[in-house]
Chemist: 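The structure under discussion is supplied below as structure tokens; questions concerning it will follow.
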Amino acid sequence: MEIRVIERVLKVNDELALEVRNRLREAGITAINIISAPGSGKTALIERAIPALRDKLRLGVIEGDPDTTRDAERVAALGAPVTQINTSGGCHLEANLVLRALDALPLDELDLIIIENVGNMVCPVNFDLGEMWRAAVVSVPEGHDKPAKYANLFRKTDLVVLNKTDLLPYVDFDMAVFEADLAQLNPGVELLRTSCRSGDGMAAWTAWLERVCGESPARAPG
Ligand code: MG
Ligand code: ZN
């Protein structure tokens with residue numbers, strides 16, 4: 001019984017995701033869905049991208065969080081159009097919420113929308129938001145075993161960002177295991193090593209955003 005309910009929820013979500021995707025296409029906007037655990041540095045990566053892309057792309061942001069507008073405030077402080085979705089405790093974003101968030105953004109004035117999902121490595125994976133690209137972020141202190149444990153996320157992403165590389169000397173992070181697990185789950189997936197503190201990999205991160213903005217997605221939606 002419960003399985004049927006979940007299937008129904010996902011079917012409705014897929015229809016709404018298609019609506020999001022169509023609206024974005026009409027407006028000529030590329031959307032990226034960033035998924036990770038809480039605290040991996042999603043917002044910091046967005047904060048770094050805003051000034052770096054300022055003269056190249058018109059960037060807007062949709063922030064997903066269970067509560068508060070803290071992330072949206074951080075983004076707004078840098079001058080990017082942003083809208084915050086509060087899920088009232090909900091653990092993932094759904095397409096209906098993104099559809100409403102689009103109404104609050106100046107779509108005619110944007111080339112790229114970054115959607116920061118609720119910090120969670122499990123259920124956001126199952127909810128298509130109408131994005132063209134997905135990025136999975138994992139930070140060094142979370143451990144090298146995250147791809148193997150959260151295989152679904154790492155299988156279905158177009159980019160993996162290994163963040164907080166400045167902490168590598170202080171934790172037991174086995175890069176070889178991390179890379180081998182990732183290669184097995186998603187052969188050829190692009191991996192960026194970044195640190196928002198040291199600036200390591202920031203040029204590659206913003207170059208990736210710039211590149212996918214002009215490219216059609218490699219991944220089928222869903
Ligand atoms: Mg955040
Ligand atoms: Zn959830």
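Both ligands and their constituent atoms are indexed starting at 1 by order of listing. Given the structure is predicted, the values throughout are model-derived calculations rather than measurements. Starting from 1, each residue takes its place in the sequence as its number.
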Chemist: Report the distance from atom CG of D166 to atom SG of C196, rounding to the nearest 0.5 Å.
Modeler: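 Going from CG on D166 over to SG on C196, the span is 9.0 Å.
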Chemist: Heavy-atom count around F178 CZ within 6.0 Å, excluding the residue itself: above 12?
Modeler: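 More than 12 heavy atoms, drawn from other residues, nucleotides or ligands, come within 6.0 Å of this atom.
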Chemist: For the Zn ion (ligand 2), find the closest N/O/S atom belonging to H92 and write down its atom name.
Modeler: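 For H92, the N, O or S atom at the smallest distance from the Zn ion (ligand 2) is ND1.
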Chemist: Kindly check if the number of other-residue, nucleotide or ligand heavy atoms within 6.0 Å of CZ (R54) is above 12?
Modeler: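 More than 12 heavy atoms, drawn from other residues, nucleotides or ligands, come within 6.0 Å of this atom.
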Chemist: Rounded to the nearest 10 degrees, what's the angle SG of C123 makes with SG of C91 at the Zn ion (ligand 2)? Could you check?
Modeler: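 Nearest ten degrees: 110°.
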Chemist: Tell me which N, O or S atom from D71 is the closest to the Mg ion (ligand 1).
Modeler: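 This residue's closest N, O or S atom turns out to be OD2.
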Chemist: Count the heavy atoms belonging to other residues, nucleotides or ligands that lie under 6.0 Å from CG of D172, then report whether that count exceeds 12.
Modeler: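 No, CG of D172 has 12 or fewer neighbouring heavy atoms, counting only those of other groups under 6.0 Å.
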Chemist: Which is the closest N/O/S atom of E116 when seen from the Mg ion (ligand 1)?
Modeler: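 Checking each N, O and S atom of E116, the shortest distance to the Mg ion (ligand 1) belongs to OE2.
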